[in-house]
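To start, the structure itself, in structure tokens.
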Amino acid sequence: RRQRQMCIRDRQIAAHTGGVDMKSAYDEAVRLLPSKTAAALGERFKTAEEFRLRAGRYPCALIGGREEAIADRAVTRDDIACVLEKATNASLHAVWQDMSKGFISCGFGLRIGVCGTGVISGGKLTGLRDISSVSIRIPRQSTNCGGEVLKKLCAAKDNVLIISPPGGGKTTFLRECIRAISSSGVRVAVCDERGELAAVFRGVPQFDIGPMSDVMSDIPKSEAALMLLRSMNPQVIAMDEISSPEDCRAAASAVGCGVRVIATAHAASVSDLKRRNVYRFLLAQDVFNNIVVIENNAGVRSYRLETLQ
């Protein structure tokens, strides 16, 4: 299934770029929209972080943390089917079981979240049907985020956990950390499970992640981290959205091998992080001694570095 999905993504990128030079993720996200929705987009939507289509509701764009209606025409099930057909290059069956994770990775670093009715087989979730809404998340390269916090992270050698609520800019900031640290002459190994950090196409990252970065794509983070440890002699391992005990154990194993780890996690604050069972192991083992908290105030992101005692 993973090979089929990677082939789908490669065909999509090749068909719309003519090779390795990638169009902007925004342009590709617009291409995935139904034609009438795409035609209604104005200039202000070029800063959108997500496009959301919910059956029976107006299509919306997430801008500065708030949703704005794109058009006053309600989304139909055919509109949602159109997005999925484009996203999978008319091969929805090839990613049927992958949708049970709640998203589809479709190249350009794009991720499409899906909601629907679960298909249960043998007591396990095997897929989704009757898709009721989709969210097209648009990744962006930002080479000026983080400010002084980014400079401190590049100069230090500590393990760092980047936290914010969902959609708070963790992946964007992590990508910039990878680029800056790699550009400083440090080997960075990237666990890119969903193809969002590097957007690798035919072996070439489509985002700038620096000259000394090595990427494992489309492999679960816990497995990719151990593979990179064994094969690439990294000085830093970067992991996006550690969310399972396996991810946490992999991060701890890397630190135990003397490798610096920079990762992200969902949490609104350090106190919120400490309340979550999955992260208690990391905190108890002192895996991360620095926390970067990203906050969003009226659409403006701020970055704060906290040291755990």
Side-chain angles (χ1 to χ4, degrees), residues 49 65 139 142-182 184 186 188-194 196-197 209-210 213 221-222 224-225 228-229 234-309:
E49 301 164 38
S142 177
T143 57
N144 58 1
C145 63
E148 291 301 316
V149 169
L150 179 62
K151 292 180 182 179
K152 290 179 181 179
L153 295 188
C154 290
K157 295 184 179 180
D158 297 322
N159 304 309
V160 179
L161 188 63
I162 302 162
I163 65 172
S164 79
K170 295 183 296 297
T171 300
T172 300
F173 183 61
L174 177 59
R175 186 185 299 116
E176 178 59 7
C177 288
I178 294 168
R179 186 199 66 78
I181 292 171
S182 175
S184 72
V186 175
V188 183
V190 182
C191 305
D192 198 4
E193 180 175 355
R194 296 174 303 199
E196 290 183 276
L197 283 169
I209 55 169
S213 296
K221 291 181 288 293
S222 57
L228 288 162
L229 278 172
Q235 294 170 286
V236 177
I237 283 184
M239 306 170 67
D240 197 16
E241 293 189 12
I242 55 175
S243 57
S244 70
E246 293 78 15
D247 295 341
C248 294
R249 285 194 291 270
S253 294
V255 171
C257 293
V259 176
R260 182 185 181 192
V261 173
I262 299 179
T264 70
H266 287 312
S269 63
V270 173
S271 58
D272 183 26
L273 184 74
K274 291 178 177 179
R275 286 194 293 268
R276 302 187 179 227
N277 290 333
V278 71
Y279 301 124
R280 286 178 182 170
F281 167 77
L282 291 175
L283 299 178
Q285 297 293 317
D286 295 325
V287 173
F288 293 103
N289 41 18
N290 284 291
I291 308 292
V292 173
V293 183
I294 304 177
E295 296 175 325
N296 192 323
N297 298 303
V300 178
R301 287 172 181 155
S302 60
Y303 304 81
R304 184 176 71 255
L305 181 63
E306 296 190 19
T307 301
L308 295 180
Q309 302 297 327

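Because the structure is predicted, anything quoted here is derived from the model rather than measured.
Taking the charged nitrogens against the carboxylate oxygens, Glu176 and Lys151 have no contact shorter than 4.0 Å, which rules out a salt bridge.
Side chains of Ser244 and Asp247: a donor-acceptor N/O pair is present below 3.5 angstrom, by distance only.
Contact record, Ser142 with Thr172: CB-CG2, 3.7 Å, taken as the closest heavy-atom pair. Contact between Gly210 and Ser182 at its shortest, heavy atoms only, is C-OG, 3.3 Å. The minimum heavy-atom distance linking Ala254 with Leu229 is given by the pair CA-CD1, 3.8 Å. Closest approach of Ala250 to Ala225, counting heavy atoms only: CB-CB, 4.1 Å. Of all non-hydrogen atoms in Cys248 and Tyr279, the two that sit nearest each other are SG-CD2, 4.3 Å. Taking all atoms of both residues into account, the shortest heavy-atom contact from Val259 to Pro234 is CG2-O, 3.6 Å.
Side-chain contact between Glu295 and Ser302 is present, with at least one heavy-atom pair separated by less than 4.5 Å. For the pair Val292 and Arg304, the minimum side-chain heavy-atom distance is 4.5 Å or more. The shortest side-chain heavy-atom distance between Val293 and Ser269 does not fall under the 4.5 Å cut-off. You'll find the side chain of Arg260 reaches within 4.5 Å of the side chain of Ile262, heavy atoms only.
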For Cys145 and Leu150: C-alpha separation, side-chain torsions, deciding distance, then whether side chain to side chain contact (heavy atoms under 4.5 Å, CB included) applies. CA-CA 8 Å; Cys145 63; Leu150 179 62; 5.9 Å; no
Between Arg194 and Glu241, does a salt bridge (Lys or Arg N to Asp or Glu O under 4.0 Å) hold up when you go through it step by step? CA-CA 10 Å; Arg194 296 174 303 199; Glu241 293 189 12; 3.0 Å; yes
Does Ile178 form a side chain to side chain contact (heavy atoms under 4.5 Å, CB included) with Leu197? I'd like the steps, not just the answer. CA-CA 9 Å; Ile178 294 168; Leu197 283 169; 4.3 Å; yes
Please assess Asp240 against Val190 for the test side chain to side chain contact (heavy atoms under 4.5 Å, CB included), listing each intermediate value before the final yes or no. CA-CA 9 Å; Asp240 197 16; Val190 182; over 6 Å; no
Apply side chain to side chain contact (heavy atoms under 4.5 Å, CB included) to residues Arg175 and Ile209 and explain how you reach the verdict. CA-CA 7 Å; Arg175 186 185 299 116; Ile209 55 169; 4.2 Å; yes
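To the nearest 0.5 angstrom, Leu282 atom CG is 5.0 Å from Ile242 atom CD1. Taken to the nearest 0.5 Å, the NZ atom of Lys221 stands 4.0 Å off from the CD atom of Glu193. The CZ atom of Arg276 sits 8.0 Å away from the CG atom of Leu273 when rounded to the nearest 0.5 Å.
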Counting only pairs under 3.5 Å, give me each side-chain donor-acceptor contact of residues 158-170, with atom names and distances, residues two or more places apart or in other chains.
residue, atom, partner, partner atom, Å
Asp158, OD2, Asn290, ND2, 3.1
Asn159, OD1, Val261, N, 2.9
Asn159, ND2, Val287, O, 3.0
Ser164, OG, Lys170, NZ, 3.3
Lys170, NZ, Ser164, O, 3.3
Lys170, NZ, Pro165, O, 3.2
Lys170, NZ, His266, ND1, 3.1

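A donor-acceptor contact shorter than 3.5 Å is absent between the side chain of Glu306 and the backbone of Ile291.
For residues 155-179, the set of pairs meeting the ring-ring contact (aromatic ring centres under 6.0 Å, His included) definition, not counting sequence neighbours, comprises Phe173-Tyr303.
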